[in-house]
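Shown next, in structure tokens, is the structure this report addresses.
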Amino acid sequence: MKLVTLDYENKEVHEPIKYFLDPNFVYIPLPDKKEKLKKEKEIKKENLFYDGIYAPISGELVGLEKCITPKGVGINCLVLANDFQEKVSKTIATRKKINSLSKEEVLDSVFSIALKRKMKYQNVTTILVSGIDDEPYFVNESFVQRENTKAILETLDALLHIYPNSKAIIAVKNTDISTIMAYNSILGTYKNIFLKMIPNLYLIGKEEFLTKYTHIRKNYLYLTANEVYNLYTNIKKRKPVTEKYVTISGNAVSNPFVIRTKYGVKVKEILDRFYKEDLAKCTLFINGVMHGKVMDLEKTIVTFDFEGIAIMKENKQKIKDCIKCGKCISICPINSNPLLSYKRSKKVRCIDCGLCSYICPSYIPLQKYLSGDKNESIT
Amino acid sequence: MSRLHKVIRFPLIYKFYICFFVFLIYGVYKNALLPIHHGFYSKNQFFILLFYPFYGFLIGALFDMMSKKKNVFGNKFYGLLFSMFLPISTPIFLFCLSLFFLLFINTVVISRMDLEWNFIAIGKILLCFTLFYYFSYDYANALENSHTFIYSFMDGILGHTVSGIFTSNILLILLSFVFLSFDIYYKKEISFYSYGFYLLSLSLYAILKEDISFLLTHFLLSDVLFALIFVATLSCFSPYSKKRKFLYSTLLGLFILPCSLFLNFQEGVYVAILIANVFVLFIGFLQRIFYTNINKKD
């Protein structure tokens, strides 16, 4: 396994978490199957959050608009104007204990995540939780864990009751001291939940590499810390997940911060409200500088796969000719040859990690050639 | 673009320039100051000697300005490199002409068509053949030709050896290899493997010939080391994949001795570079045809 530590000026997030739970409008993506939107004013008492679509806020439908998801896909969205009447139904009680729930009840929620990842969720002997933020500057997973340490451990405990003779491993970067401290204070009370320190390597949080590093090959259930917290919301609070942790950081940001916001909010609206610094001579990467994209902020909305915005200073380095140093090939974690794509326009396997662009001494944006997006727009 | 890039605090090209600068100082001392001191050359030799790298850098910079393609290793680097390993007897006009021609070919053909021919090695071989047949061909300066001193092995290590104008100091070359090896973009494997195979072939030859002194006199040659460290590893003209790097180094290492026995050690290594270069390109060509045919069948 060949992974590298990225060399960049890291910025610690010192600001307390900010909340943006009262947007004026939210944009709810319409699925292809044309499922009906459940537009109750109160959040519904149903135990699924994947198959159904929930309005993150209470409000009136005011129209239809074309928006862009963080992956750059155009999608029709229903525009919901907030009437600020949102409230949680009193008939739905928060469960006191979740480790005594029936297997079916918890598995329903696990299934929804397993379905997303196409993974097996039966005969599990190890629950592997990735609390690692791979993308430089982003600290979402870290913040989720720090804010909800108890909730995550409680959910894992419930899962361990469902999978007998199993253990849970929480993987945390050894540089993430705050998260380690948060776990260390209460982890001793949970049997079979272990904390594993992982070196600060880029991409180590991904399932493919984390399982290799921890030597867990089969019968495992891989979840991110955020997913575990979503399970908690779903099982214990009995409500769908409608909120998301988002990081605003980058080398142009003097005080990086994390926001908890509603799904469907426009990225532009978040920036307008919370980011007061000058955006001139900056490039904004949706979902991070390594595998994110430069997109139209006016149209991009927060969806479940939105992680944050990396605001980067304009780089004055000029793109030069390839010197065939071969570093892009040797650094590629999946042993692809980005030069084939750059020189001969061949399609090669790519996980969009951006390491080839990162290492190139000629500053060639190889990632763009690999993704076929040669004309990436810059805002 | 303002993506996250690796912070290259000190680029490889500048490391090369530092090495060249040190070689230059030693070359001026050995081939100008020392003979001048002993009365073998006039004081003009100092300026004549400095003219080679100065012209190489300047004409390279001119070609770089004209070239549309911007490369980390520009023509000024190649110009400077070409002036390093020449025989001291190279006439200035021939050097100027050959370098102009080489850089012109590089700018118009090699760089534009993205070819991987090691034109530095080609240039060196052509120039030395021209010198050999039409001009005086000599690596030794007037002081060395006078046989005033008898050099020991240690003298050779410390630079007193018959070699290219600025490439005589083995110790400096080895130190520069160590210095360059810390850079991740430097293809140190090529120098390392090829020298290993050269040593292997040399040992086998010495054993077969039952002449260990041959091994001892030829295992550390400044021209061979310089070519392996600076010319064979030129990023644009050497392979980049692990397997091809190994193939290239193996061929290069094994061909040095036969070529050197046929010619001499100063040029033999450049012929070996050329052979390895052409062979690897040919393998790549065959591979491309093979995969294209497979894709067509699919």
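Computed from a predicted structure; not experimentally measured. Chain letters run A, B, ... following the sequence lines, proteins first, then strands; residues in each count from 1.
A pairwise comparison of heavy atoms in A/C353 and A/L203 identifies CB-CD1, 3.6 Å as the closest pair.
A salt bridge links A/D7 and B/R9; the closest N-O separation between the charged side-chain nitrogens and carboxylate oxygens is under 4.0 Å.
Using cut-offs of 30° and 60° on the angle between ring planes, the pair B/F230 and B/F20 is tilted. Between B/F10 and B/Y14, the two ring planes are tilted [angle within 30° to 60°]. Classified by interplanar angle (parallel below 30°, tilted 30° to 60°, perpendicular above 60°), the ring pair B/F73/B/F16 is perpendicular.
With sequence neighbours left out, B/A227 forms a side chain to side chain contact (heavy atoms under 4.5 Å, CB included) with B/V269, B/Y270, B/I273.
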### Message
Applying side chain to side chain donor-acceptor pair (under 3.5 Å) to A/D352 and A/Q367, what does each step give before you reach the verdict?
### Response
CA-CA 7 Å; A/D352 209 19; A/Q367 199 178 357; 3.1 Å; yes
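Within the 4.5 angstrom heavy-atom criterion, only side-chain atoms of A/L339, from C-beta onward, approach chain B. Contacts of A/I329 with chain B are made by side-chain atoms alone, with heavy-atom separations under 4.5 Å and no backbone atom involved. In this structure, no portion of B/L12 lies under 4.5 Å from any heavy atom of chain A.
Heavy-atom proximity under 4.5 angstrom to chain A picks out B/D114, B/L115, B/E116 from residues 111-123 of chain B.
The main-chain N or O of A/G308 is never found under 3.5 Å from a side-chain atom of A/N140 such that the two would form a donor-acceptor pair.
Looking only at heavy-atom pairs under 4.5 Å with chain B, the residue among A/C360, A/P136, A/G288, A/P361 that has the most is A/P361. Most heavy-atom pairs under 4.5 Å with chain A: of the set B/S238, B/S241, B/C236, B/P239, this distinction falls to B/C236.
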